[in-house]
Amino acid sequence: MKKRAVITGVGHYLPKRIVHNSEFEKTLNTSDEWIVTRSGIRQRHFSNKDETTSKMAIMAGQQAIKNANLEASDIDAIILATSTADFTFPSAATMVQAGLGMKSGFAYDVQAVCAGFIYAMSTANAQIISGQANRILVIGSETFSNLMDWNDRSTCVLFGDGAGAVVLEAYSCSGDKEDRGILSVDLNSDGNYKDILHVDGGVASKTTGYLRMEGKEVFKHAVEKLARTSEKAMAKAGVKSDDVDWVVPHQANIRIIQGTARKMGIPDEKVIKTVQDHGNTSAASIPLALSVASRSGQIVKNDLIVTEAIGGGLAWGAIVLRW
Ligand code: ACO
């Protein structure tokens, strides 16, 4: 018998304030048409001061725990993927642990920018397989609106805020590709590309800083690297593109999403898309998409899913799992 980490619950939280593209037309030399054509984004949610990264994570986490028919006290660990924790420290994850009323277990943040959820799932999977924990709450929560330069039209129209969460539980399985749960993981990073997507602040400068991006460069790397990591993850799991029921990509840009799926040989109707409604919510985008698609009945039990993401670092990776 082999142990697998199976998703047994999902949840999400989106800030109350919805901002349509037309709002940017009032302050920037931009248009709804430009934003939709270049990115696929029609609206995004922006948090208010009470909708912090940790508070949104608590809301998403509570939903996921309930959806898994569990109590917070059943959870052994929280792994929170974020680049926008409320404080430099403590971690947002320990704030979520307290917010959920947990009196035991362990909690920590993972920082791999837009690839953060893939990295967090990989870590949770390893801890479940090794027996270190049986039930892990994995969350992606971000408030990228805090990193926006509102005068930079090439970045500020692309991002949004939100949180998504899943509960991963240890299941005994036969060890083949028909198992439910995480079947394979592929992770990569290359720090030589740090300048094409970064925040120009931090502890050293005692500033929060602003997100800076060379959009064309990021685009070029994204499609190539996402298709390659997805293919590697599928090969590790022993599955082919025809076996895949859904691709759940990081929701950065519709052209990256569709270009990657084309390269992978996956038809567009098998790709979950939420970028039009949420914008790019960084580490929150995949768990948000999983939660929305499972709630709408698109993703159902036993579906084979490939999920992939790339972000600052560059850091990128993919996971193959059966729902
Ligand atoms: N409204 C109107 N015009 C704009 C805007 C805007 N919001 N932003 C930029 N422009 C202008 C540029 O200034 C440029 O004008 P110029 O030709 O006079 O200099 C023109 O539009 C074309 O700009 P490009 O950068 O060539 O536009 P491109 O087609 O590359 O699209 C975009 C830009 C959408 C950023 C694209 O490069 C992209 O999607 N890159 C991927 C980046 C991404 O998704 N990053 C997310 C973070 S990383 C991740 O999550 C994967």
Side-chain angles (χ1 to χ4, degrees), residues 19-44 81-84 111-119 140 142-162 164 188-190 193-200 209-230 247-261 263 271 273-276 278-289 307-318:
V19 174
H20 297 276
N21 292 345
S22 53
E23 250 188 74
F24 290 103
E25 292 175 354
K26 297 177 194 157
T27 53
L28 291 169
N29 181 13
T30 190
S31 64
D32 174 56
E33 198 258 333
W34 192 96
I35 300 168
V36 172
T37 326
R38 302 296 173 116
S39 72
I41 298 165
R42 295 184 180 276
Q43 62 172 54
R44 73 288 290 140
T82 189
S83 302
T84 47
Q111 209 271 49
V113 203
C114 298
F117 186 73
I118 298 285
Y119 273 63
E142 301 275 23
T143 47
F144 261 49
S145 59
N146 289 321
L147 300 176
M148 291 299 111
D149 173 351
W150 299 112
N151 296 314
D152 179 4
R153 64 180 181 170
S154 69
T155 53
C156 73
V157 300
L158 299 175
F159 292 87
D161 300 334
N188 311 266
S189 64
D190 189 342
Y193 295 113
K194 70 176 172 46
D195 291 336
I196 65 173
L197 181 54
H198 68 286
V199 170
D200 61 3
Y210 296 108
L211 184 144
R212 304 295 177 201
M213 179 173 72
E214 292 172 35
K216 266 199 198 322
E217 276 302 301
V218 174
F219 196 101
K220 211 172 63 193
H221 286 285
V223 175
E224 195 59 43
K225 288 181 165 51
L226 288 172
R228 180 84 189 102
T229 186
S230 301
V247 175
V248 184
H250 168 47
Q251 307 285 321
N253 181 308
I254 195 70
R255 293 186 297 146
I256 296 178
I257 292 172
Q258 291 177 329
T260 305
K263 250 186 185 312
V271 182
K273 300 174 200 99
T274 53
V275 66
Q276 66 284 355
H278 303 161
N280 182 348
T281 57
S282 186
S285 91
I286 290 174
L288 256 167
T307 179
E308 31 90 344
I310 186 166
L314 294 174
W316 68 101

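Both ligands and their constituent atoms are indexed starting at 1 by order of listing.
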Undergrad: Could you verify whether a donor N or O on one side chain and an acceptor N or O on the other, from Asp161 and Ser145, lie under 3.5 Å apart?
TA: yes
Undergrad: Please identify each residue that fulfils ring pair (Phe, Tyr, Trp, His ring centres under 6.0 Å) with Phe159, with sequence neighbours left out.
TA: Phe144
Undergrad: Can you name the residues that form a ring pair (Phe, Tyr, Trp, His ring centres under 6.0 Å) with Trp150, not counting sequence neighbours?
TA: Phe46
Undergrad: For ligand 1, output the ligand-protein N/O contacts shorter than 3.5 angstrom; if there are none, return none.
TA:
{"from": "ligand 1", "atom 1": "1 (N)", "to": "Thr30", "atom 2": "OG1", "distance (Å)": "2.6"}
{"from": "ligand 1", "atom 1": "3 (N)", "to": "Trp34", "atom 2": "NE1", "distance (Å)": "3.4"}
{"from": "ligand 1", "atom 1": "7 (N)", "to": "Thr30", "atom 2": "OG1", "distance (Å)": "3.1"}
{"from": "ligand 1", "atom 1": "7 (N)", "to": "Arg153", "atom 2": "O", "distance (Å)": "2.8"}
{"from": "ligand 1", "atom 1": "13 (O)", "to": "Arg153", "atom 2": "NH2", "distance (Å)": "3.1"}
{"from": "ligand 1", "atom 1": "21 (O)", "to": "Trp34", "atom 2": "NE1", "distance (Å)": "3.4"}
{"from": "ligand 1", "atom 1": "26 (O)", "to": "Lys216", "atom 2": "NZ", "distance (Å)": "2.6"}
{"from": "ligand 1", "atom 1": "27 (O)", "to": "Arg38", "atom 2": "NH1", "distance (Å)": "3.1"}
{"from": "ligand 1", "atom 1": "29 (O)", "to": "Arg38", "atom 2": "NH1", "distance (Å)": "2.6"}
{"from": "ligand 1", "atom 1": "30 (O)", "to": "Lys216", "atom 2": "NZ", "distance (Å)": "3.3"}
{"from": "ligand 1", "atom 1": "37 (O)", "to": "Gly215", "atom 2": "O", "distance (Å)": "3.3"}
{"from": "ligand 1", "atom 1": "39 (O)", "to": "Asn253", "atom 2": "ND2", "distance (Å)": "2.4"}
{"from": "ligand 1", "atom 1": "40 (N)", "to": "Gly215", "atom 2": "O", "distance (Å)": "2.9"}
{"from": "ligand 1", "atom 1": "50 (O)", "to": "His250", "atom 2": "NE2", "distance (Å)": "2.8"}
{"from": "ligand 1", "atom 1": "50 (O)", "to": "Asn280", "atom 2": "ND2", "distance (Å)": "3.0"}

Undergrad: Taking side-chain hydrogen bond (donor to acceptor under 3.5 Å, both in side chains) as the test, write out the residues that go with Glu23, two or more places apart.
TA: Arg17
Undergrad: Is Asp149 salt-bridged to Arg212, cutoff N-O under 4.0 Å?
TA: yes
Undergrad: Considering residues, nucleotides and ligands other than Glu224, do more than 12 of their heavy atoms fall under 6.0 Å from its CD?
TA: no
